[in-house]
Amino acid sequence: MDTFGQLLRRHRERAGLSLRQLDSLIHFQYSHISQVERGERRPTEALATACDRALGAEGALVEAYRTERAGATDMRRRTMLRAMTALAAGPAVAPLAEWEALRHGLGDAATPHHDEWEQIAADYGHGYYRQARPAFDGPTER
């Protein structure tokens with residue numbers, strides 16, 4: 001089964017678009033799109049939706065994103081359950097070490113991914129620098 005990034009690349013190439021051309025259509029940085037295609041970065045729902053529309057994927061990219069996201073959520077749940085089970089079944093020899101291991105395991109499983117925040121900041125910057133600036137008529141008198 002293809003990853004989201006592999007499917008995105010296939011649809012982009014089928015449409016005959018370069019990364020920069022897709023960037024101009026969906027307003028996500030081409031370097032970000034490239035990282036998602038290579039699996040170095042997780043996609044966001046906004047990216048999946050924009051790519052799906054621009055590439056005419058008829059919902060295939062959004063569905064691939066949701067499937068991949070559901071798998072990641074399930075993995076986090078399993079990690080938390082495994083950590084809780086280990087704590088409950090473990091010997092009481094070093095309870096502080098067990099609690100610390102549990103804290104790290106749960107923290108890693110429950111922490112939101114910073115990729116989404118990075119994309120929000122990138123989108124804001126992209127929009128900010130592309131919007132038209134008002135004309136400056138000089139200082140106004142009071």
Side-chain angles (χ1 to χ4, degrees), residues 1-91 94-142:
M1 183 169 145
D2 287 343
T3 65
F4 175 84
Q6 292 167 334
L7 187 61
L8 172 59
R9 176 175 282 153
R10 195 166 51 246
H11 278 279
R12 179 181 59 79
E13 289 174 347
R14 191 175 296 146
L17 296 175
S18 69
L19 289 166
R20 290 183 189 265
Q21 289 169 323
L22 183 58
D23 167 345
S24 68
L25 291 174
I26 64 171
H27 308 295
F28 280 79
Q29 295 176 347
Y30 73 91
S31 59
H32 178 83
I33 300 166
S34 175
Q35 290 171 342
V36 169
E37 283 186 354
R38 292 189 316 263
E40 295 173 1
R41 204 170 200 180
R42 291 188 181 129
T44 61
E45 189 165 9
L47 175 72
T49 303
C51 289
D52 198 88
R53 260 191 241 125
L55 299 172
E58 299 178 354
L61 291 172
V62 172
E63 183 62 29
Y65 163 77
R66 290 184 180 150
T67 300
E68 204 166 284
R69 175 87 182 205
T73 300
D74 187 46
M75 182 59 77
R76 284 194 300 272
R77 270 192 219 116
R78 280 188 265 150
T79 301
M80 289 197 319
L81 287 172
R82 200 172 20 249
M84 290 168 47
T85 303
L87 178 66
L96 289 178
E98 289 176 8
W99 281 108
E100 188 64 16
L102 175 65
R103 185 180 71 81
H104 282 287
L106 293 176
D108 290 344
T111 302
H113 301 288
H114 64 82
D115 287 346
E116 293 176 15
W117 288 108
E118 286 180 11
Q119 187 57 48
I120 289 169
D123 292 344
Y124 175 81
H126 198 274
Y128 178 81
Y129 286 110
R130 287 197 174 200
Q131 75 185 32
R133 303 283 180 247
F136 181 71
D137 294 334
T140 57
E141 294 182 28
R142 292 186 183 197

message: Can you confirm whether more than 12 heavy atoms, excluding those of R53, are under 6.0 Å from its CZ atom?
response: no
query: Rounded to the nearest 0.5 Å, how far does CD of E13 lie from CG of L8?
result: 9.5 Å
- prompt: If you look at every heavy atom in A54 and L22, which pair is closest and at what distance?
  reply: CB-CD1, 4.2 Å
field: Main-chain N/O of E63 paired with T67 side-chain donor or acceptor, under 3.5 Å
entry: yes
task: List the steps, then state whether salt bridge (Lys or Arg N to Asp or Glu O under 4.0 Å) holds for R12 with E37.
output: CA-CA 10 Å; R12 179 181 59 79; E37 283 186 354; 2.7 Å; yes
message: For R20, is the CZ atom crowded, meaning more than 12 foreign heavy atoms sit under 6.0 Å from it?
response: no
field: Straight-line distance of L19 CG to R9 CZ, nearest 0.5 Å
entry: 7.5 Å
task: Taking all non-hydrogen atoms of both residues into account, name the closest pair between F28 and T44 and its distance.
output: CE2-OG1, 4.2 Å
- request: Indicate yes or no for a side-chain donor-acceptor contact from D52 to the backbone of G59 under 3.5 Å, with no hydrogens or angles considered.
  value: yes
- prompt: Taking side chain as C-beta onward, heavy atoms only, is L61 less than 4.5 Å from F4?
  reply: yes
- prompt: Which pair of non-hydrogen atoms, one from A60 and one from L7, has the smallest distance, and what is that distance?
  reply: O-CD2, 3.8 Å
Rounded distance (nearest 0.5 Å) linking atom CG of L47 with atom CD1 of I26: 5.0 Å
message: Are H11 and R14 packed together at the side-chain level, in the sense that at least one heavy-atom pair is separated by less than 4.5 angstrom?
response: yes
query: Is a donor on one side and an acceptor on the other found under 3.5 Å between the side chain of S24 and the backbone of Q21?
result: yes
message: Measuring only between side-chain heavy atoms, which start at C-beta, is L55 closer than 4.5 Å to L25?
response: no
field: Residue of the set E40, R41, R42 for which side chain to side chain donor-acceptor pair (under 3.5 Å) holds with Q35
entry: R41
